[in-house]
Amino acid sequence: MTVTLADVAAHAQVSPATVSRVLNGNYPVAAATRERVLRAVDELDYVVNGPASALAAATSDLAGILVNDIADPFFGIMASAIQAEIGGSGGRAGCERLAVVCNTGGSPEQELKYLTLLQRQRAAAVVLTGGAVTDAPHAAAVAAKLRKLTDGGTRVVLCGRPPVAGTGAVTLTFDNLGGARAVTDHLVALGHRRIGCIAGPAERTTTRHRLEGHRLALAAAGIEEDARWTVHGRFDRRSGYEGALELLRRDPSLTALVAANDSVALGACAALRDSGLRIPDDVSVTGFDDLPCSIDAVPALTTVRLPLAEAGARAGRLAMGREDAPGDGTASVRGELMVRGSTEAPRE
């Protein structure tokens, strides 16, 4: 026989209205009463009618996490930390929420589609991770979707993205510019003057900010950048491999390579080895993000550590309303330069 809300109320010796308040989490209830109701839910194995409950409430127990590529550790680490926070207490029956990871594959169209689907499902929260697309029409379309979500009661958090004004979204930005400048400053301080850059996709904000930081460091050192010294590609190992070969073809005298991220840097290292060059004896290499693989590379990779797990956990708490938003709705997450064996002074 199906267990009803009235059955739970009788078992917990409270009114049906009190059970509803506890399960909806939208009204203060004494801790002892709340615990008694939840124990009754568990003992009776009561299951809330999700669609009906969502219709009665402003939002459902669903939360969406948008990532560009779940196979990329950058997104996997953040998504795991976000999901751990979202799956905790705060929802209805069982005090849990269902966190759904939406893999866009880097497609702007897929991103908009998932936002629309989550809006239709009255998602309680939506977290968008990683850099945004700089295309103006797409940015406007995303902003419009985010406004509709927040107007409908959905908490929206941008993790690793620039803020989107007028949407009500809370933002945790990554200091990509500052981190990229620090890593190039490090190479310049070692004495490098001919530094190649394997940048990410030109249309991504992450690429724009990291490339800007790199160029600011060159300019501050009085180094005139050669147009041949920059190539663009995806944020993956293959792009690093092909990009390094292309840069060496354009200018064999380069003494250092700055990579868009650690995966790109590892691909560049493989290309250098296959070309008979030693790291860092002949060419120094740097990455970005400090993914787990970076310290296991031989030599270990000089990189910029972004606290991805910590940022993801904070985004999850913000999405669940368990942490107050920053005063102006935006907080910056800074990176830390990790100097390891893949960089040294250039040889004469």
Side-chain angles (χ1 to χ4, degrees), residues 1-66 79-102 114-128 146-157 159 167-170 172 312-327 329:
M1 185 175 68
T2 301
V3 176
T4 66
L5 186 141
D7 295 329
V8 174
H11 193 78
Q13 297 181 322
V14 298
S15 69
T18 298
V19 174
S20 179
R21 289 167 180 167
V22 170
L23 298 183
N24 284 323
N26 60 1
Y27 196 87
V29 177
T33 302
R34 180 176 180 274
E35 182 59 32
R36 197 160 70 248
V37 170
L38 293 177
R39 188 164 55 247
V41 167
D42 289 338
E43 291 173 357
L44 297 178
D45 197 21
Y46 174 65
V47 178
V48 173
N49 183 326
S53 180
L55 288 172
T59 59
S60 69
D61 277 338
L62 177 71
I65 306 169
L66 272 66
S80 177
I82 295 167
Q83 191 168 31
E85 291 290 338
I86 288 176
S89 61
R92 284 186 280 278
C95 282
E96 297 174 347
R97 294 192 188 275
L98 176 62
V100 177
V101 177
C102 306
Y114 281 129
L115 290 175
T116 299
L117 291 173
L118 289 166
Q119 180 192 352
R120 290 176 185 169
Q121 294 296 321
R122 301 188 183 191
V126 174
V127 182
L128 293 87
L146 298 186
R147 278 192 293 272
K148 288 182 179 179
L149 283 163
T150 56
D151 287 347
T154 299
R155 289 192 183 93
V156 177
V157 180
C159 186
T167 62
V170 178
L172 298 179
R314 187 179 182 188
R317 292 192 298 272
L318 288 165
M320 290 296 97
R322 292 200 295 272
E323 180 174 325
D324 291 337

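Note: hydrogens, waters and symmetry copies are ignored here, and every other heavy atom, side chains too, is used. Counting begins at 1 with the first residue of the sequence.
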(message) Please find the pair of heavy atoms, one from Pro326 and one from Arg314, that lie closest to each other, and give the distance.
(response) CG-NH2, 4.1 Å
(message) The criterion is salt bridge (Lys or Arg N to Asp or Glu O under 4.0 Å); which residues satisfy it with Arg36, sequence neighbours excluded?
(response) none
(message) How close do Ala40 and Ala12 get, counting heavy atoms only, and between which atoms?
(response) CB-CB, 3.9 Å
(request) Report the distance from atom CD of Gln119 to atom CG of Leu149, rounding to the nearest 0.5 Å. (result) 5.5 Å
(request) May I ask you to test the Asp61-Leu98 pair for a side-chain heavy-atom distance under 4.5 Å? (result) no
(request) To the nearest 0.5 Å, tell me how far Arg21 CZ sits from Ser15 OG. (result) 6.5 Å
(request) Check salt bridge (Lys or Arg N to Asp or Glu O under 4.0 Å) between Glu43 and all other residues, then give those that pass, not counting sequence neighbours. (result) none
(message) How long is the straight-line distance from CD1 of Ile82 back to SG of Cys159, given to the nearest 0.5 Å?
(response) 5.0 Å
(request) Quick one: pull up OG1 in Thr116 and NZ in Lys148 and give me the separation to the nearest 0.5 Å. (result) 7.5 Å
(request) Using modelled atom types only, decide if a donor and an acceptor are shared between the side chain of Gln83 and the backbone of Ala99 within a distance under 3.5 Å. (result) yes
(message) Is there a side-chain contact between Leu66 and Leu115 in this structure, where contact means two heavy atoms from C-beta onward sitting under 4.5 Å apart?
(response) yes
(request) With the side chain counted from C-beta on, respond yes when Asp324 and Leu318 share a heavy-atom pair under 4.5 Å apart, and no when they do not. (result) no
(request) Grab the two heavy atoms, one from Val170 and one from Ala325, that are nearest each other, plus how far apart they are. (result) CG2-CB, 3.8 Å
(message) Looking at every heavy atom in both Val127 and Ala315, which two are closest together, and how far apart are they?
(response) CG1-CB, 4.2 Å
(request) Identify which one of Val8, Val19, Val22, Thr33 satisfies the side-chain contact (heavy atoms from CB on, under 4.5 Å) criterion when paired with Leu38. (result) Val22
(request) Name all residues meeting the side chain to side chain contact (heavy atoms under 4.5 Å, CB included) criterion together with Glu35; count only those two or more places apart in sequence or in a different chain, and write none if there are none. (result) Arg39
(request) Would you confirm whether Thr167, through its side chain, and Arg147, through its main-chain N or O, come within 3.5 Å as a donor-acceptor pair? (result) no
(message) Looking at every non-hydrogen atom in both residues, tell me the closest pair between Arg317 and Glu323 and how far apart they are.
(response) NE-OE1, 2.9 Å
(message) For the backbone of Thr150 and the side chain of Thr154, can you confirm whether one donor and one acceptor N or O come within less than 3.5 Å of each other?
(response) no
(message) Contact between Val14 and Val37 at the side-chain level, heavy atoms closer than 4.5 Å - yes or no?
(response) yes
(message) Can you confirm whether Val100 sits close enough to Leu118 that some side-chain heavy atom of one is under 4.5 Å from a side-chain heavy atom of the other?
(response) no
(request) Calculate, to the nearest 0.5 Å, the distance between atoms CD1 and CZ belonging to Ile86 and Arg322 respectively. (result) 8.5 Å
(message) Using every non-hydrogen atom in the two residues, find where Tyr46 and Thr4 come nearest and quote the distance to one decimal.
(response) CE1-C, 3.7 Å
